[in-house]
Amino acid sequence: MIHDTTAVIDAHELVRIYDQDKVPVYAVNGVHLHIQRGEFVALRGPSGSGKTTVLNMIGGLDRPTSGKVLVNGLDIGTLSDSALIDFRLKNIGFVFQSYNLIPVFTARENIEFTMLLQGRPQVERDARVAELLREVGLEDKADKRPGELSGGQQQRVAVARALAPKPQFILADEPTANLDSKSAGNLLDIMLRLNQEEHITFIFSTHDPRVIERARRVITLEDGKVVDDKTV
Amino acid sequence: MRMLLKLAWRNVWRNRLRSVIIAAAVAIGLWAALFLMAFYYGMIAQRVETVIQEESSHLQLHAPGFLADLEPRLHLHDADEVAATIRQRPAVRQVAPRVIVQGMLMSAAGSAGVRCSGVEPAAEDSTTHLSGKLVEGSYFDPAKKNGILISMQQAKKLKLKLRSKVVLMAQDTTGEITSGAFRVQGIYRTINTPYDEMNVFITRSAAAELLGVPGACHELAVVLRANDAIATEKASLQQRFPAIEVKDWMETNPEAELMVTSFDSMMLVFTLIIFLGLAFGLLNTMLMAVLERTREIGMLVSIGMGRARLFVMILLETLMVSLVGCPVGLGLALLTIGYAQRHGIDLRAFAEMGSSFGFDLVVHPAITARHVWNILVLVFSTALLSAAYPAAKALTIKAAEAIRK
């Protein structure tokens, strides 16, 4: 599936209105997106431009006020909340700005978690966790809890966790925002390598120039609209 | 499920102090409920045993309709033959024939309404242990026909002492007023003040003579060898003597039966109060635990943890924190109940209140495995109910908003 080059995400005429104090706020206003497998895409724009809202709608965490998101041709807006959770589990990996690891689990257990939710067998889980720990360079930190890891290490665990169930694509919301330059560089190198070698689709929301520099495609949002879409 | 158990267990210990406090609350709640239940059942069991062994006996036989109005003319026919037949039954330990006289006991100082039992001294003593309750004087003397045993309360009220003369006035079988003079032979005291205020004892022959029906008998009190034989013996005797009314202690002593049932309700209320307090403690703690983890719960939902699993995780956390407190509470309860069972709980400071209900003043708590099981089930039910709201609250968390908090 990962090597398929057909479109993975099609967003049509996405609108998201927040009804703040009964004055409608257009967080996203008519966004079209077409993202193919294996792309390394950065959604950039100033704060409040709608990057995270677009990412949330693509990831099924939020529902558009109008418009639709198709993932492999499936309109995810038609899914019930429970079906959407299941859909996310099987198809989407998430990397959050604040790492958001399970604090009571070790790095190994955090990575294994989504596979456990999927009911994968122990042997497969063990092999995949070992592979991912190697990929993100944290084999020696496997039994450390998030509180014992640096920010960069935690974010690498988060990337490994997102990759564990072999999703269709990874959504990363400001993944480098809380990292120092070295950690951010390491993390981006890992994600870029995974993208190039394993053709994993990455979609970032960011205003970090280090991410934008490495992205192959940069989509710029302003006031909830796409104002620029460049493939490098 | 193993993953959920592991996650829930570790979540429980994220805030150790809070978990220890709530586990302690569960332990104290469990201990209080078990101890209260043991105390109550011990007290009731002792009261029931007193009612059976010293007041009403297991079963009583009367002529039909006698118990309703205590009409002197409604006496048992061939009572001695019936008593002899009943004594032969393997389940029966003793049978005591009685003549019952409702009357007025008069002294120079005053009068009091009494229920006078005309008893056969030996049979009565082995049935209700009457001689053991004497605090002054002696049990019936075969040489003295007109001896009467009165209670300490009656002695005080009527200003009587040993060998004082009293007159018992009653209605005979023809409806005429009759009376007899008696001398106080002994003064008794039981733990049941209302019983003491009402009951006096003379010999059966003296009572029958007073009523003008020699050999009369109104009541056969039957003591069985075991409490659990009551229902079968009652049915069997009723079948054997269809012309006689056979009643068990709950029917002949409805006050005691009412006390047992009303104490059941009271116990239920106390237990509910304890568990309501526990429920609010658990609910508050778990709600805090959920609200503190809004972002984490949002993350779990984002990465694919379904609502059912989330709900179960919160339930498990609540159950686990309750389970931690259970062994401590149970152990504490069994230790204190065991100690109190051996040494008794002395309630003599509340003697007046206790004796007005007929309770022993030294209570020996008692508890059965069924009681413990019921309370444990109640703890788990409370934990589950308390977890329901926080768990439902967790389900309402919007992932997109929560992960940015």
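For a residue to count as touching a neighbouring chain, one of its non-hydrogen atoms must lie under 4.5 Å from one of that chain's; by this rule A:R145 touches chain B with the side chain only. Proximity to chain A is limited to the side chain of B:L300, based on heavy atoms less than 4.5 angstrom apart. Interface remark: A:F96 contributes side-chain atoms only to the contact with chain B (heavy atom separation under 4.5 Å). Residue A:E112 does not touch chain B at all, counting heavy-atom pairs closer than 4.5 Å. Contacts of B:R293 with chain A are absent, with no heavy-atom separation under 4.5 Å from either backbone or side chain. Only the side chain of A:N56 has a heavy atom closer than 4.5 Å to any heavy atom of chain B.
Summarising the geometry of A:T106 relative to B:R10, their closest heavy-atom pair is N-NH1, 4.3 Å, with the distance given to 0.1 Å. A:L117 approaches B:M3 most closely through the heavy-atom pair CD2-CE, 3.5 Å. Closest approach of B:R309 and A:L116 over heavy atoms only: NH2-O, 4.3 Å. Closest approach of A:R88 to B:S302, counting heavy atoms only: NE-O, 3.0 Å.
The number of heavy-atom neighbours closer than 6.0 Å to OH of A:Y26, taken from other residues, nucleotides and ligands shown, is 12 or below. For A:D75, the CG atom sits in a packed shell: over 12 heavy atoms of surrounding residues, nucleotides or ligands are nearer than 6.0 Å. More than 12 non-hydrogen atoms from other residues, nucleotides or ligands lie less than 6.0 angstrom from CZ of B:F311.
Comparing A:L61, A:L89, A:V104 by heavy-atom pairs within less than 4.5 Å of chain B, the highest count is held by A:V104.
With values rounded to the nearest 0.5 angstrom, A:D81 atom CG is found 11.0 Å from B:L395 atom CG. The CG atom of A:L101 lies 10.0 Å from the CD atom of B:E296; values are rounded to the nearest 0.5 Å.
Residues A:I102 and B:M299 have side chains in contact (heavy-atom distance under 4.5 Å, counting atoms from C-beta outward).
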